Amino acid sequence: MGKSAVITVRVSSELKDRLVALANQTRRTSSFLAAEAIAGFVESESEILASIERARDDVREGRTLSHDDAMARFRSTIEKNGREK
């Protein structure tokens, strides 16, 4: 990890207590756990936004299916795999 920076985040007293308890149980610092949680959230949200942008590109480029066509493909795949009940 590169240089670190300090941020201030307001959370409920209950959440802080839970974080401290978790830190104690895992023998980590609250700061470490909070940084890990924030990093995971940022990564997840970044992936979601990138996915949305790829979908927008698909729409702009005409790489889409109508709902009916998508459902027909879906049903066909299910039938080929013998999983429809």
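These numbers come from the heavy atoms of this one structure, side chains and all, not from hydrogens, waters or symmetry mates. In this chain, residues are counted from 1 in sequence order. Note that this is a predicted model, so its numbers are computed, not measured.
- To the nearest 0.5 Å, atoms CD (Glu47) and CD1 (Ile52) are separated by 12.0 Å.
- From Glu36, atom CD reaches atom OG1 of Thr26 across 10.5 Å, with rounding to the nearest 0.5 Å.
- The salt bridge (Lys or Arg N to Asp or Glu O under 4.0 Å) check on Glu53 picks up Arg56, Arg60, with sequence neighbours excluded.
- Listed by chain and number, the residues in a side-chain hydrogen bond (donor to acceptor under 3.5 Å, both in side chains) with Glu61 amount to none (sequence neighbours excluded).
- For the pair Ser46 (side chain) and Val42 (backbone), a donor-acceptor distance under 3.5 Å is present.
- Applying side chain to side chain contact (heavy atoms under 4.5 Å, CB included) to Leu19 and the options Leu33, Val11, Thr29 leaves one that passes, Leu33.
- Linking ILVMFWY side-chain heavy atoms closer than 4.5 Å, directly or via other members, places Leu15 and Ile7 in a single hydrophobic cluster.
- For Arg27, the salt bridge (Lys or Arg N to Asp or Glu O under 4.0 Å) criterion is met by no residue, not counting sequence neighbours.
- At distances below 3.5 Å, at least one donor-acceptor pair connects side-chain atoms of Asn81 with backbone N or O atoms of Thr77.
- Atom OG1 in Thr8 sits 8.5 Å away from atom CZ in Arg10 (nearest 0.5 Å).
- Looking at heavy atoms from C-beta onward, Lys16 lies out of side-chain contact with Ser12 at the 4.5 angstrom threshold.
- You'll find the side chain of Arg28 stays beyond 4.5 Å of the side chain of Leu22, heavy atoms only.
- Interatomic distance, Asn24 CG to Ser30 OG, rounded to the nearest 0.5 Å: 7.0 Å.
- The number of heavy atoms from other shown groups lying within 6.0 Å of CD (Glu45) is above 12.
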